[in-house]
Asker: 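First, the structure itself, so that you have it in front of you.
Chain A is the first sequence line, chain B the second, and so forth, proteins listed ahead of strands; every chain is numbered from 1.
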Amino acid sequence: MAKRLEIGLKPQLNDPAGSGLYAKARAYLGLALEQVRVLRVLTFDTKLDDTELERVRSEIFTNPVTEMSSFEPLADKALPGFDWALWVGYKPGVKDNEGATAIEAMADALGHRFGEDEAVYSSRLYLIKAPKLTREGAEAISRELLANDLIQLWRVIPAEDWDPDQGIGVVIPRVELAHTPSVKSLAIGSDVELLALSAQRDLFLNPADVPVIRAYFNDPEVRAQRQKVGLGDPTDVELEYVSQARSDHCNHNTFGGRFHYQDLVSGERKVVANLFKETIKEPTEKLAAAKDWVVSVLWDNAGVAKLDDTHNYVITGETHNSPSNMEAYGGAITGIVGVYRDPMGTGKGSKLVAGLWGYCVAPRDYDGELTPALHPRRLLDGIIEGVRDGGNKSGIPTASGLLHFDPQYLGKCLVFVSAVGVIPAEINGEPTEDKTTEPGQLVIMCGGRVGADGIHGVTASSAGYSENTPAGHVQIGDPYTQKKMHDFLLEARDAGLVPYLTDNGGGGLSSSVGESARFSPGAEVDLKKVPLKYEGLDPWQIWVSESQERMTVAVEPDDEAAFMDLADKHQVEATVIGRFTGDGKLRLDHGDEVCCYVDVEFLEEGFPQWEFEALWTPPEARGLSEPVISPPKDFNGLVLDLLDSPNLCSREWINRQYDHEVQGTSLLKPFCGRGQDTPAEASVILPVLTSPVGLAMAQVIAPEYGIIDTKAMVQASIDEAYRRLVAVGGDPEQVGGVDNFCWPSIIYHPVNNPDGRYKAAQLVRACWGLKEACEALEIPLLSGKDSMYVDGTLAARYGASQRVSGPCTMMFTATAPVPDLGALQSLEPKLAGDYVYCLGVTSNELGGSALYGLWDQVGLNAPLADFAATRALGAAVHQGLKGGMVASAAVVSRGGLAITLARMVLASRLGLEVDLDCLEVGGQVSGMQRLFSESQGRMLVTVPSKRCNEFEDLLEDVPWARMGRVVRGRELTVGYEGRQVLELGETQMRRAWQRRFGRMV
Amino acid sequence: MPSDSKVKALVLTGFGLNCDVETAHTLSLAGAEAHRVHISDLTGTRQRKATETLDDYQILVFDGGFAWGDDHGAGVLLATRLGNHLGDQLRAFLDRGGLVMGICNGFQALVNLGLLPMLDGWKRQVALAANDCGNFQDRWVELLVEPTSACLFTQGMSRLDLPVRHGEGKLVCDDATLAELESRGMVAVRYGNGRGKPAKGKWPANPNGSLNDIAGICDPTGRVFGLMPHPEGYYRASQHPDWTLIRERARRKGAEPDPLGPGAGLSMFTNAVAAARGGLA
């Protein structure tokens, strides 16, 4: 019989979880509660007897110092006289990490083997004392603060309905699929029939692909071969496989598309035969060929570049937008844990050494008329917490990140997650970046089990719901299982047991096995051997399920025993599900039934390219112009307001809850300065503790410039990322890049997406900008991903709905080794008396600037990068850093010189006295423009007086101005044309900068 | 032990622990022969026999991490697993004067195992509860070493900066236990206010709300030591958040400090190695 255990803190102890809910109810919902206590609930659906249950209660699940627990309701003891009891548990099929570890611990403690039908389910019971709280309020707390209907069940019980004997009762969210798995054969007699089938099964087949698919299955030779194994028409497994593999997510059809670009003003026309090939692949191939430090790009799960003579680093970045938008915590934790599998599955497998994050959401205080799935505030909280648990529990430093607000992200938020790994260049004398499968090797799936997770998110949410339907389309990542798998696979790699591995991400086994089988070429897999979370899944579901924490590994049959022994040591489930063959066929069975038999190359060949019209209207023709603003009289107030603005103010609370120092590798933390609270220009780690080479990582997004021109946006982002690396000591000759495009749909539709062709032109121009910047700065793109449908349809007033397309966004992540740790530097001035240099040219470039944003203006003059100048700057500053002449280095970025100077004061707790007259300027540049222009290619550095001459000798090719000095007394004073235009104290600035989010923990 | 043989240190790994590499690296720098040993190799599994015992080691380190995801209380499942399988070995290890260090998750495991505080035998008398601030925190704190403590790991040390990185580090116990910890010199380190005085519970100097600002305790012998801050998080000079300032000041005096030179946290490990060498000689 199922038993429910309730565990709570002893009443005299402070309950931080309860206090947290108390605070949120007040801040988010305006509800005044008196007291909140939280009980952990474990429901045992096991065959344990009462003695055993009592043993695990006292030995495992109750801390005698702090906790009390009981198999009887504990509510009246935990909070006598409570008014409301709110219970929240998981829906069937949602990953319950606590439930799983409970079983593991009990199995060990009791020496008991639990059956497949036994489980422990975790849930929470919130007891609230608030005599005035209404049912409506209690439901709002449950729905808006505690539970998400997509993954959770919740109940609201008022004190008068409380049953003191039964409490919340016993809820068993077990998955029961009353379904006998089967394989269906599907007739595709005509294109119309296949399209209908596509609609009916939500395959999202592109109409242009349909004839190609039919032609393959109707090919007489193919039919004859299929007949030999007992197959005729395609099966559901095969069509689902095609659908997955041809999706934009897996196949990047948009980026691989042909673009017909036209400038509507000049009439200029250009055809881009393949956007990806021309702007990303070819430039990167050329750079890779010219640079011996580029080790492996453009084919594997992540890019590989040289760190030092014996180690390479591995990097990739991706986004997890749609799932996070629906279930922020689950989406974000699945995102960060998921991206960690990419470096893990690159080459023969790398060790994870850093994670990076980037969140784009609508303003936290949004109170407009549109109703998103989750309010931005709740969304952001959930995203932050998801990455926190995913990163911290993975034992990988969450090295840095960025947060950007824009109302247009209301349609869909962006969650960027990037991962860095490190791998010995050779293991057992073989290069580690190579991997291949060969006939005869075993196909092994390891890690988590397969459920109906991530299958057709859309269909799952609209299908009829019952109490036992798995809520699988939004998942919760399990960093614990994956950490074990990570340690296991590295040990197996070092033992020479892993000739090939890859991760199971989008498309699940269909993608991982499908891709692995291209090398051998060919594979046979028995889907019945795949370990399942619960019975009743059809073979096609097993094949495409996106259940997390899984890797696919090729292992030589002779090594099977050794591999499995290591799996057991690490307590990681590993299962032989098939073997690689050499016949070029992918054959899937389900027990004794054949369910798929296709050529492994079939998905690669013959499919038509997507085509897009891209119509560009230059910014002037769109009516953009420079705003007419007279020089403000109160520069001080202006700077304080900028420091307080959502996109420039302190967001310390986020990285503070992320372990950014685990692994002992930290060299430059995400925070710097005396108060350790100012964001660093880039983070630097020492990936290999025994090697004196650092790795710097910088991230930039600049969607504001994209409103004017996405080309300028991308180029500014790359220019800034490069300068950030230079500032911290990165080698400017070894900069690698990762491009992450998040774009609204560019598929034109006269009604649903009327500006699709303009958005397509924005994409083309962004890619042109990328190509030019990477060629000029010699940055190979080590990795990159795209997420193409950043749009949402939101409920609006009057019962209408409105489509909100996200801003065109590209996150650029750049990395560079720091081969000389003496060159490592931070942004804060170190000692009074040092000179302040502004390097680079300041022009009238305030289009899309933070200053204009303050007035809700866009302007026209987006900053234009001059890469030759930036390279010269990079080379000079790098020399200065290596020579120990530069005592601090900061990039001039958002908010211009004013904000960079402010950041230097905030970080150093020293003063700066500078003058704007001496700046190197391009054309007529006013005082306001000098302070707030966002011209690229600029840095501020400080140099001790004794080293000034030496430093200036390095600046032959760099425009520079010695603009002032570092002084005692924590004040920033800026002079221009003989008067002081800015005079601000550090405390005053800090107050403004921390006002908005400074109290968040 | 013969003076030419190295002190052997065992650092636990596996099941979600994650500070094993840098902790072993730190122990090597401190002069020990450090081995990262998987928990399964000590306990065995249903299919595998144990391949390692504590008998071969003089120092045992429970390092930081999220063992078993920290589900059901930080360090709890690690403690039950080791208690179930290694109880006798641990007793023997302590009886022959072995040193035990628990850092962060390892400290949480030690108090749940009852190896700390060991006032009267193996009992859970101290807990490390959720931080009062309600969240995980990664920040550097000032640590004040109790001069009169019996702790062997902190001998000769006075104050140092170290990072804390935890969500459950608030030391909680009943009044009698607390009084005994204080009176018997078992409080080894406290959170300071940044100016060499105790934090007096003030956040964030005391990052979790620990009673009496206690950051770490030892057993009555001083040979078992647990603390929430990470000494291996400052094994190297350039881990300090002020490294670039420290270096700049030195540069002005014509010196160029080694970024890979020792950090203040390393002393706890060199103390342990010295104690192991002396104690087991």
Asker: Could you look at A:Thr101 and say if it's the side chain, the backbone, both or neither that has a heavy atom under 4.5 Å from chain B?
Answerer: both
Asker: What part of A:Ala887 is in contact with chain B, defined as an atom under 4.5 angstrom from a non-hydrogen atom: side chain, backbone, both or neither?
Answerer: both
Asker: Select one option (side chain, backbone, both, neither) describing which atoms of A:Lys351 are under 4.5 Å from chain B's heavy atoms.
Answerer: side chain
Asker: Side chain, backbone, both or neither: which part of B:Pro241 has a non-hydrogen atom closer than 4.5 Å to chain A?
Answerer: both
Asker: Side chain, backbone, both or neither: which part of B:Lys123 has a heavy atom under 4.5 Å from chain A?
Answerer: neither
Asker: Sort A:Ser122 into side chain, backbone, both or neither according to what part of it lies under 4.5 angstrom from a heavy atom of chain B.
Answerer: neither
Asker: Heavy-atom distance under 4.5 Å to chain A: side chain of B:Ile39, backbone, both or neither?
Answerer: neither
Asker: Contact part of B:Val126 toward chain A, heavy-atom cut-off under 4.5 Å: side chain, backbone, both or neither?
Answerer: backbone
Asker: So which part of A:Phe671 gets closer than 4.5 Å to some heavy atom of chain B, the side chain, the backbone, both or neither?
Answerer: neither
Asker: A:Leu9 versus chain B, heavy atoms under 4.5 Å apart: side chain, backbone, both or neither?
Answerer: neither
Asker: Relative to chain A, which segment of B:Asp174 carries a heavy atom at a distance below 4.5 Å: side chain, backbone, both, or neither?
Answerer: neither
Asker: Go through the atoms of A:Ala102 and report whether side chain, backbone, both or neither lie under 4.5 Å from a heavy atom of chain B.
Answerer: both
Asker: Using 4.0 Å as the upper bound for N to carboxylate O, is an ion pair formed by A:Asp834 and B:Arg252?
Answerer: yes
Asker: So do the side chains of B:Asn18 and A:Gln663 get within less than 4.5 Å of each other, counting heavy atoms only?
Answerer: no
Asker: Which bit of A:Arg113 comes within less than 4.5 Å of chain B, counting heavy atoms only: side chain, backbone, both or neither?
Answerer: both
Asker: Between A:Ser394, A:Ser666, A:Ser908, which has the largest tally of heavy atom pairs under 4.5 Å with chain B?
Answerer: A:Ser666
Asker: Check for a donor-acceptor pair, side chain of A:Gln657 on one end and backbone N or O of B:Phe136 on the other, with a separation under 3.5 Å.
Answerer: no
Asker: Is it the case that the side chain of A:Lys669 and the backbone of B:Gln239 share a donor-acceptor pair, with hydrogens and angles ignored and the cut-off at 3.5 Å?
Answerer: yes
Asker: Heavy-atom distances under 4.5 Å only: say whether A:Thr665 touches chain B with side chain, backbone, both or neither.
Answerer: backbone
Asker: Aromatic rings B:Trp68 and A:Tyr480: how do their planes relate, parallel, tilted or perpendicular, breaks at 30° and 60°?
Answerer: tilted
Asker: Provide the closest heavy-atom pair for B:Glu22 versus A:Val662 in the form atom of the first, atom of the second, distance.
Answerer: OE2-C, 3.9 Å
Asker: Most heavy-atom pairs under 4.5 angstrom with chain B, which of A:Lys484, A:Glu828, A:Glu98?
Answerer: A:Glu98
Asker: Measure distances from B:His85 to the heavy atoms of chain A and classify the residue's part below 4.5 Å as side chain, backbone, both or neither.
Answerer: side chain
Asker: Does any heavy atom of chain A fall under 4.5 Å from the side chain of B:Arg48, the backbone, both, or neither of them?
Answerer: both
Asker: Relative to chain A, which segment of B:Phe15 carries a heavy atom at a distance below 4.5 Å: side chain, backbone, both, or neither?
Answerer: both
Asker: For B:Arg81 and A:Glu104: C-alpha separation, side-chain torsions, deciding distance, then whether side-chain contact (heavy atoms from CB on, under 4.5 Å) applies.
Answerer: CA-CA 10 Å; B:Arg81 174 72 58 122; A:Glu104 199 186 334; 3.9 Å; yes
Asker: Tell me, for A:Leu667 versus chain B, whether the close heavy atoms (under 4.5 Å) come from the side chain, the backbone, both or neither.
Answerer: both
Asker: Check whether A:Gln676 gets within reach of chain B through its side chain, its backbone, both or neither, counting any heavy atom under 4.5 Å.
Answerer: side chain
Asker: Using only atom types and a distance under 3.5 Å, with no angle test, would you say the side chain of A:His570 pairs donor to acceptor with the backbone of B:Gly14?
Answerer: no
Asker: Can you say whether A:Pro479 sits under 4.5 Å from chain B via the side chain, the backbone, both, or neither, judging by heavy atoms?
Answerer: neither
Asker: What part of A:Glu491 gets closer than 4.5 Å to chain B, counting heavy atoms only: side chain, backbone, both or neither?
Answerer: neither
Asker: Between chain A and each of B:Thr177, B:Val76, B:Val172, count heavy-atom pairs under 4.5 Å; write down the option with the most.
Answerer: B:Val172
Asker: Examine distances only and state if a side-chain atom of B:Arg165 and a backbone atom of A:Asn392 form a donor-acceptor pair shorter than 3.5 Å.
Answerer: no
Asker: Out of A:Leu668, A:Asn655, A:Thr66, A:Leu831, which one racks up the most heavy-atom pairs below 4.5 Å with chain B?
Answerer: A:Leu831
Asker: Between chain A and each of B:Asn84, B:Leu245, B:Asp258, count heavy-atom pairs under 4.5 Å; write down the option with the most.
Answerer: B:Leu245
Asker: Decide yes or no for B:Asn135 and A:Arg656: does some side-chain heavy atom of the first lie under 4.5 Å from some side-chain heavy atom of the second?
Answerer: no
Asker: What option among B:Gln137, B:Glu232, B:Arg139 has the most heavy-atom pairs under 4.5 Å with chain A?
Answerer: B:Arg139
Asker: Of all of A:Asn63, A:Leu821, A:Ile7, which one pairs up most often with chain B through heavy atoms under 4.5 Å apart?
Answerer: A:Asn63
Asker: Heavy-atom distances under 4.5 Å only: say whether B:His25 touches chain A with side chain, backbone, both or neither.
Answerer: side chain
Asker: A:Leu13 versus chain B, heavy atoms under 4.5 Å apart: side chain, backbone, both or neither?
Answerer: side chain
Asker: Does B:Ser40 offer a backbone N or O that forms a donor-acceptor pair with the side chain of A:Lys569 under 3.5 Å?
Answerer: no
Asker: Which one of A:Asp565, A:Asp568, A:Asp108 satisfies the side-chain hydrogen bond (donor to acceptor under 3.5 Å, both in side chains) criterion with B:Thr45?
Answerer: A:Asp568
Asker: Checking B:Asp132 against A:Asn14: is there a side-chain donor and acceptor pair closer than 3.5 Å?
Answerer: yes
Asker: Hey, is the main chain of A:Leu824 close enough, under 3.5 Å, to the side chain of B:Arg247 for a donor-acceptor pair?
Answerer: yes
Asker: Using non-hydrogen atoms and a 4.5 Å limit, figure out which bit of B:Asp41 sits close to chain A: side chain, backbone, both or neither.
Answerer: side chain
